[in-house]
Amino acid sequence: MKIATWNVNSFKVRLPHVLDWLATTQADVLCLQETKMEDKVFPYAELLAAGYHAVHNGQKTYNGVAILSRSEMTDVHLDIPDFADTQKRVIAATVDGVRIVCGYMPNGQAVGSEKYAYKLQWYAALTRWLQQEIAQHPRLALLGDFNIAPEDRDVHDPAAWKDQILCSEAERAALRQLQALGLADAFRLFDQPEKIFSWWDYRQMGFRLNRGLRIDHILLTPALASLCRTCVIDKAPRKLERPSDHAPVIAEL
DNA sequence: ATGGCCGCTTCGAGCGGA
């Protein structure tokens, strides 16, 4: 089973890239973030024609998450329970006995800002909910744009990013708290080359110079981590015309 | 020194992203 995550930065713009990528990779499940569209314009028909069911939790302009799956999905769930949030950042569904949770974690804007506080609260709420969700679904995968680079080796220039947003100690601690539920970073289950990233700034030739961060992740419970055979970041779509600033991450279970 | 890109909203400057 191939499961993947991709922040597409507008699904309207990136639909052709996603359809091409699905045809090439034959992923079984693809989690999308930043669809930036309302549900009434979501391209269900185009996806179905390509062989994928879809569930979507969207809103106009900002945020928006979706799960695409070759198999039908059950027990679809939107948002974090008992956490008041107008931003559409979470969708979950069960696919072939695997609980898939797709998340678009808050960016946080700047350390110490209101959005930063929201980000930390959001992570705490996610962790509380997932503790229960994992108890009910031992085979669970959390995929998405985490907006946190877990360690300095996930940052092209750790000195420049030290204590900055996406890299601050409190953010990394929040991610460790989440992983303390037993969630393993699929990418780090394997030997990986150095300087592998999943996001590069559009500005200043960020991609060509490989000035990136690894902020898109696939986290697996022990029952799934033991089944995981590979996890890679596919840079190919980042080289296309009008790319997303993120590259997809894909794991094989 | 600052911002330098992209997408969105809805025509165009400002916001958000990371």
Side-chain angles (χ1 to χ4, degrees), chain A residues 5-18 31-43 56-66 85-90 102-123 126 143-175 187 195-218 233 235 237-249:
Chain A
T5 180
W6 194 359
N7 180 325
V8 290
N9 185 20
S10 167
F11 198 28
K12 182 183 177 182
V13 174
R14 237 62 70 184
L15 179 61
H17 288 187
V18 171
C31 295
L32 302 178
Q33 301 86 39
E34 287 206 87
T35 58
K36 297 187 177 180
M37 56 173 57
E38 292 180 289
D39 196 47
K40 63 186 179 189
V41 297
F42 192 85
H56 180 227
N57 186 16
Q59 66 189 106
K60 196 179 168 93
T61 312
Y62 301 117
N63 309 309
V65 284
D85 192 359
T86 57
Q87 303 185 25
K88 303 301 188 185
R89 296 182 173 279
V90 168
C102 169
Y104 174 47
M105 290 54 164
N107 169 282
Q109 198 163 59
V111 174
S113 66
E114 276 185 33
K115 287 177 182 174
Y116 184 74
Y118 163 71
K119 180 178 191 171
L120 296 177
Q121 288 164 10
W122 197 97
Y123 260 91
L126 177 71
L143 307 89
D145 176 357
F146 285 66
N147 268 315
I148 297 176
E151 301 176 67
D152 278 353
R153 61 178 167 163
D154 301 309
V155 180
H156 71 93
D157 185 348
W161 282 87
K162 183 176 166 54
D163 299 328
Q164 299 300 304
I165 196 66
L166 316 182
C167 299
S168 73
E169 207 27 66
E171 289 167 272
R172 287 176 171 176
L175 180 55
F187 186 78
K195 302 199 182 300
I196 299 295
F197 308 120
S198 68
W199 169 86
W200 302 261
D201 202 304
Y202 282 125
R203 294 168 290 188
Q204 288 190 287
M205 301 189 295
F207 182 66
R208 273 201 279 171
L209 298 171
N210 198 31
R211 291 182 182 156
L213 304 175
R214 192 176 70 91
I215 56 176
D216 300 271
H217 309 300
I218 297 176
I233 297 171
K235 287 173 75 169
R238 190 62 174 77
K239 301 171 184 171
L240 301 172
E241 289 287 318
R242 278 190 99 184
S244 168
D245 43 357
H246 294 253
V249 186

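Every chain is numbered from 1 and lettered A, B, ... according to where its sequence line falls, protein lines coming before strand lines.
A search for side chain to side chain donor-acceptor pair (under 3.5 Å) contacts involving Ser168(A) returns Tyr116(A), Glu171(A), not counting sequence neighbours. Taking Gln121(A) as the reference, nothing meets the side chain to side chain donor-acceptor pair (under 3.5 Å) condition, with sequence neighbours excluded. Every residue two or more places apart in sequence or in another chain that forms a side chain to side chain contact (heavy atoms under 4.5 Å, CB included) with Arg208(A) is listed here: Met205(A). The side chain to side chain contact (heavy atoms under 4.5 Å, CB included) search around Val13(A) returns Ser10(A), Arg242(A), not counting sequence neighbours. Asp157(A) is linked by a side chain to side chain donor-acceptor pair (under 3.5 Å) to nothing, counting only residues two or more places apart in sequence or in another chain. With sequence neighbours left out, Gln109(A) forms a side chain to side chain contact (heavy atoms under 4.5 Å, CB included) with Asn107(A), Ser113(A), Lys115(A). Every residue two or more places apart in sequence or in another chain was checked for a salt bridge (charged side-chain N to carboxylate O under 4.0 Å, His left out) with Asp39(A), and none qualifies. Judged as a side chain to side chain contact (heavy atoms under 4.5 Å, CB included), and not counting sequence neighbours, the contacts of Arg153(A) are Glu151(A), Arg188(A).
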Using atom names, set out every protein N or O paired with an N or O of nucleotides 9-14 of chain B below 3.5 Å, distance rounded to 0.1 Å.
{"from": "dT9(B)", "atom 1": "OP1", "to": "Thr61(A)", "atom 2": "OG1", "distance (Å)": "3.3"}

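Between the side chain of Tyr202(A) and the backbone N or O of Pro243(A) there is at least one donor-acceptor pair closer than 3.5 Å.
Whole-Å rounding puts the Gln33(A) CD to dC6(B) C1' distance at 18 Å. Between the P atom of dG7(B) and the CD atom of Glu34(A) lies a distance of 12 Å, rounded to the nearest Å. Between Asp245(A) atom CG and dC6(B) atom C1' the separation is 8 Å, expressed in whole Å. If you measure from atom CD of Gln204(A) to atom P of dA18(B), you get 18 Å, rounded to the nearest angstrom. When rounded to the nearest whole Å, the span between OH of Tyr202(A) and P of dC5(B) equals 13 Å. Remark: C1' of dC6(B) and NE2 of His17(A) are 14 Å apart, rounded to the nearest angstrom.
The shortest distance between the side-chain N/O atoms of His246(A) and the OP1/OP2 oxygens of dA18(B) is below 4.0 Å. Considering only side-chain N and O atoms, Asn9(A) lies nowhere under 4.0 angstrom from the phosphate OP1 or OP2 of dC6(B).
Only Ile215(A), listed by number, bring a heavy atom of residues 205-216 of chain A to less than 4.0 angstrom from any atom of DNA chain B. Within residues 102-122 of chain A, the residues having any heavy atom closer than 4.0 Å to DNA chain B are, in order of number, Tyr104(A), Asn107(A), Gln109(A), Lys115(A).
Contact annotation for Asn7(A): backbone-only contact, meaning every heavy-atom pair under 4.0 Å involves sugar-phosphate atoms and none involves a base. The residue Leu166(A) sits close only to the backbone: its heavy atoms come under 4.0 Å of sugar-phosphate atoms, none of a base.
Residues His17(A) and Ser244(A) have side chains that never bring a donor and an acceptor to within less than 3.5 angstrom of each other.
Listed by first then second residue, pairs satisfying salt bridge (charged side-chain N to carboxylate O under 4.0 Å, His left out) with a partner in residues 198-207 of chain A read Asp201(A)-Arg203(A), not counting sequence neighbours.
Taking the side chain of Trp199(A) as heavy atoms from C-beta on, and the options dG4(B), dG7(B), dA18(B), the nearest nucleotide is dA18(B).
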